[in-house]
There are 2 protein chains.
Amino acid sequence: MKQLKIFLADDHLLIREGLKKILAAEKEFIVVGESGHPDDVIDYFNKEGADILILDLNMPGRSGLDVLKHVKRIKPETKILVLSMYPEDQFAERTIKAGASGYITKESASEELMKALHKIAKGGNYVSNSLAEKLLFKKKIVSDQKPHEVLSDRELQIMILLAQGKTQVEISDELSLSTSTINTYRSRILEKLNLKSNAEIIRYAIQNKLI
Amino acid sequence: MKQLKIFLADDHLLIREGLKKILAAEKEFIVVGESGHPDDVIDYFNKEGADILILDLNMPGRSGLDVLKHVKRIKPETKILVLSMYPEDQFAERTIKAGASGYITKESASEELMKALHKIAKGGNYVSNSLAEKLLFKKKIVSDQKPHEVLSDRELQIMILLAQGKTQVEISDELSLSTSTINTYRSRILEKLNLKSNAEIIRYAIQNKLI
DNA sequence: TTTCATTGTAGTATTTTTACGACAGGAGAT
DNA sequence: ATCTCCTGTCGTAAAAATACTACAATGAAA
C-alpha cells in the first residue's frame with residue numbers, strides 16, 4: 001500500500017509531537033515534515049510537497065488562511081485538513097471556500113481526525129456533522145449572520161491581529177505591508193462593523209470569540 | 001517502582017490524546033484520568049486525587065487558575081504542572097503563586113515536558129530558563145491580592161477610563177489634567193500590572209470585571 | 001529626623017496612529 | 001462593453017500616544 005505523506009503545520013511543538021504519535025498508529029500515513037512557521041510550510045510545498053497538509057489556522061504572522069491559499073495555488077492537488085482551535089462556525093466556511101478538504105477542531109477525538117484523514121485521502125471532504133448542519137442552516141437564514149462575516153479575509157485577519165493588541169507597525173512588519181495599508185483595513189473594519197476604536201474592536205473580538 | 005498517577009486537564013481532546021501518547025513512553029507515569037471540563041477536574045480531585053495534574057489554563061468557563069487553587073485547597077499534596085498556550089509571563093507568575101509546581105508552554109518540546117514532570121515528581125519546581133530570568137528581574141507582588149489592588153485611586157480611575165477605550169486626550173479633558181499626566185499614570189499602571197499595551201489593559205479589565 | 005518610596009502632576013522629543021485621498025484589478029450588473 | 005462596487009495596496013499631513021525626565025508633597029521606615 002502506498003503511504004500518504006503528511007505535513008504538520010502547527011505552532012505548538014507539543015501538539016505536533018502528539019499528532020505524530022497519533023498518526024504513527026496507522027501505517028498508511030507517514031509524517032514527512034512539520035513546522036510551526038508559516039514560511040517553512042510554504043517553502044516545503046514549493047520544493048517537496050506532500051499528499052496531505054494538516055494545518056493549524058493560528059500560526060503567528062501570515063495567517064493560516066494565507067498559507068492555505070498559497071499551498072493550494074502552488075500545489076493544487078494537496079489535500080488540506082484544517083485543525084483549528086476555534087469553534088467551527090467562525091472560520092470553517094472561509095477555509096472550505098479557500099480550498100480546504102476538511103475542518104476539525106482540536107476538541108475532536110483522534111478517531112475523528114483519522115476519519116477525516118481517510119476521507120480526504122480518498123478525495124472526499126470532511127466536516128463534522130454539527131458544522132455541516134450549521135452551514136446548511138445558514139444558507140436559509142441569512143439574517144443571523146455575524147457582522148464580522150462581511151469582512152474580507154484580509155480584513156478579518158487584520159482585525160484579529162489588532163484585537164490581540166498588535167500595533168499597526170508590528171502587523172505591517174509581520175505581513176510585509178505598509179502601515180498605511182493596515183490602517184486602511186482598520187478603517188474599513190471600523191466602518192463595516194460600526195465600531196469606533198481599537199478598544200471596541202477588542203471587545204467585539206472577545207465577545208464574538210474571535211480571540 | 002511506584003507509578004505516578006497523572007490527570008490531564010485540557011479542553012482539546014486531540015491534545016489530551018497526544019499527551020497520553022507522549023506520556024505512554026515512560027512507564028513511570030500513568031494517566032488515571034482526563035477531562036476538558038473544569039468541573040470534572042474538581043470532581044475528580046474531590047473523590048480520587050492523583051499525584052500530578054497537568055493543567056491547561058485555557059479551559060472554558062471557570063478559569064484554569066480557579067481550578068488550580070481549588071485542587072490545591074482540597075488536595076494540597078497534588079503537584080500541578082501548568083501547560084499554557086500563552087507565552088505570557090503574566091500568567092506564569094500567578095500560577096506559581098497559586099501553587100503550581102511548574103509552568104511550560106505548548107511550544108515546548110516533549111523532552112521539556114518530561115524534564116518538568118520528573119523534576120516536580122521529585123518535589124521540585126520547574127519553569128523554563130527564560131521565564132525564571134524574567135521572574136528574577138521582577139519585583140515581588142504581595143500574596144494573592146488582585147494585582148490591580150496595588151494601584152492608587154487615581155491610577156485605577158485612569159485604568160478604567162482607558163479600558164473603556166477613552167483616549168488620553170478625552171481623559172485629560174474630563175479630569176482637567178495634562179495629557180502627560182494621564183500618560184504617566186498609564187505607564188505606572190502598565191508597570192504595576194506587568195502589562196504592555198492598552199489592549200492588555202482592556203483584556204485585564206474585562207477579565208477582572210473592572211468594566 | 002533623615003531617607004526613601006509613592007503619588008500627583010507636567011514638559012519635550014519621538015514614534016505611532018489616524019483621516020483621507022488615491023489607484024488598479026476583479027466581479028457582477030446593466 | 002461599460003459601469004460600479006469591493007478589495008488590496010500605498011502616501012501624506014495632522015493628531016495622538018509614548019518614553020523619558022523632572023519635581024514637589026506626603027508618608028512611612030530606619
Side-chain angles (χ1 to χ4, degrees), chain A residues 61-63 65-70 72-73 93-94 97-99 142 145 147-202 205, chain B residues 137-142 145 147-203 205:
Chain A
R62 184 164 212 161
S63 85
L65 211 50
D66 237 23
V67 175
L68 204 172
K69 286 180 188 160
H70 201 100
K72 263 297 178 186
R73 211 178 60 237
E93 199 170 346
R94 276 169 208 271
K97 287 217 178 85
V142 194
Q145 198 187 23
H148 61 269
E149 285 170 13
V150 308
L151 298 180
S152 72
D153 290 349
R154 207 51 153 170
E155 285 162 355
L156 182 61
Q157 179 190 14
I158 303 298
M159 165 154 182
I160 289 173
L161 294 171
L162 284 172
Q164 286 169 348
K166 307 221 168 153
T167 69
Q168 299 190 167
V169 173
E170 284 168 346
I171 297 174
S172 66
D173 281 356
E174 227 173 274
L175 304 181
S176 305
L177 289 174
S178 151
T179 58
S180 321
T181 305
I182 307 304
N183 191 234
T184 302
Y185 288 131
R186 176 177 174 276
S187 307
R188 289 178 185 162
I189 292 163
L190 293 182
E191 206 199 334
K192 285 187 180 180
L193 302 191
N194 202 25
L195 303 173
K196 278 176 224 66
S197 63
N198 281 13
E200 294 189 2
I201 289 183
I202 294 173
Chain B
F137 281 115
K138 263 213 48 193
K139 36 221 114 188
K140 62 288 138 193
I141 292 176
V142 224
Q145 77 181 303
H148 61 268
E149 285 167 15
V150 309
L151 297 182
S152 72
D153 292 347
R154 208 50 154 169
E155 285 163 355
L156 184 60
Q157 179 189 15
I158 303 297
M159 164 152 181
I160 289 173
L161 294 171
L162 284 172
Q164 286 167 349
K166 307 221 170 155
T167 68
Q168 299 189 166
V169 174
E170 284 167 347
I171 297 174
S172 66
D173 281 357
E174 212 173 294
L175 304 182
S176 304
L177 290 173
S178 151
T179 58
S180 319
T181 306
I182 307 304
N183 190 236
T184 301
Y185 288 132
R186 175 178 175 276
S187 305
R188 290 177 185 163
I189 292 163
L190 293 183
E191 204 200 336
K192 286 187 178 178
L193 303 192
N194 200 26
L195 302 174
K196 279 178 227 67
S197 64
N198 282 11
E200 294 189 1
I201 289 182
I202 294 174
R203 256 190 279 174

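Letters A, B, ... mirror the listed sequences (proteins, then strands); counts begin at 1.
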Acceptor/donor pairs from residues 156-166 of chain B side chains to any protein atom, 3.5 angstrom cut, sequence neighbours excluded:
from, atom 1, to, atom 2, distance (Å)
Q157(B), OE1, R154(B), NH1, 3.0
K166(B), NZ, E174(B), OE1, 3.4

CG of N198(A) to CD1 of I189(A): how many Å apart, nearest 0.5 Å? 9.0 Å
Going by side-chain hydrogen bond (donor to acceptor under 3.5 Å, both in side chains), name the residues that satisfy it together with S197(B), two or more places apart in sequence or in a different chain. none
Measuring from L195(A):CG to I202(A):CD1, what's the distance to the nearest 0.5 Å? 11.0 Å
Specify the separation, in whole Å, of atom CD of Q168(A) and atom C1' of dT18(D). 15 Å
Within less than 4.0 Å of OP1 or OP2 of dT7(C), is there a side-chain N or O belonging to K192(B)? yes
Whole Å only: how far is the CG atom of L195(A) from the C1' atom of dT18(C)? 16 Å
With sequence neighbours left out, what residues match R188(B) under side-chain hydrogen bond (donor to acceptor under 3.5 Å, both in side chains)? none
What is the distance from atom OH of Y185(B) to atom CD1 of I171(B), rounded to the nearest 0.5 Å? 12.0 Å
Can you check each nucleotide of nucleotides 24-29 of chain D against protein heavy atoms at under 4.0 Å and return B for base, S for sugar-phosphate only, - for none, in 5' to 3' order? ------
So if I take the C1' atoms of five pairs at each end of the helix from dT1(C)-dA30(D) to dT30(C)-dA1(D) and get each local axis, what angle do the two axes make, rounded to 10 degrees? 30°
For E155(B), which residues count as a salt bridge (Lys or Arg N to Asp or Glu O under 4.0 Å) partner, sequence neighbours excluded? K192(B)
Let me know the distance between CG of D153(A) and P of dT7(D), rounded to the nearest Å. 10 Å
Atom CD1 of I158(B) and atom C1' of dA10(C) are separated, to the nearest Å, by 14 Å
In numerical order, the residues of residues 177-191 of chain A whose heavy atoms come under 4.0 Å of DNA chain D are L177(A), S178(A), S180(A), T181(A), T184(A), Y185(A), R188(A)
Rounded to the nearest Å, what distance is computed from the CD atom of residue E200(A) to the C1' atom of nucleotide dT17(C)? 17 Å
Gap between atoms CG and P, on L161(A) and dT17(C) respectively (whole Å): 13 Å
Given atom CG of L175(A) and atom P of dC10(D), what is their separation to the nearest angstrom? 11 Å
Candidates N183(A), T181(A), T179(A) - the one meeting side-chain hydrogen bond (donor to acceptor under 3.5 Å, both in side chains) with Q168(A): N183(A)
Should R154(A) be listed as having a side-chain N or O under 4.0 Å from OP1 or OP2 of dC6(D)? no
Could you work out, with side-chain hydrogen bond (donor to acceptor under 3.5 Å, both in side chains) as the rule, every residue matching S178(A), not counting sequence neighbours? S180(A)
Partners passing salt bridge (Lys or Arg N to Asp or Glu O under 4.0 Å) against K72(A) (at least two apart in sequence or in another chain): none
D173(A) meets the side-chain hydrogen bond (donor to acceptor under 3.5 Å, both in side chains) criterion, sequence neighbours left out, with none
Rounded to whole Å, CG of N198(A) lies from C1' of dT18(C) at a distance of 10 Å
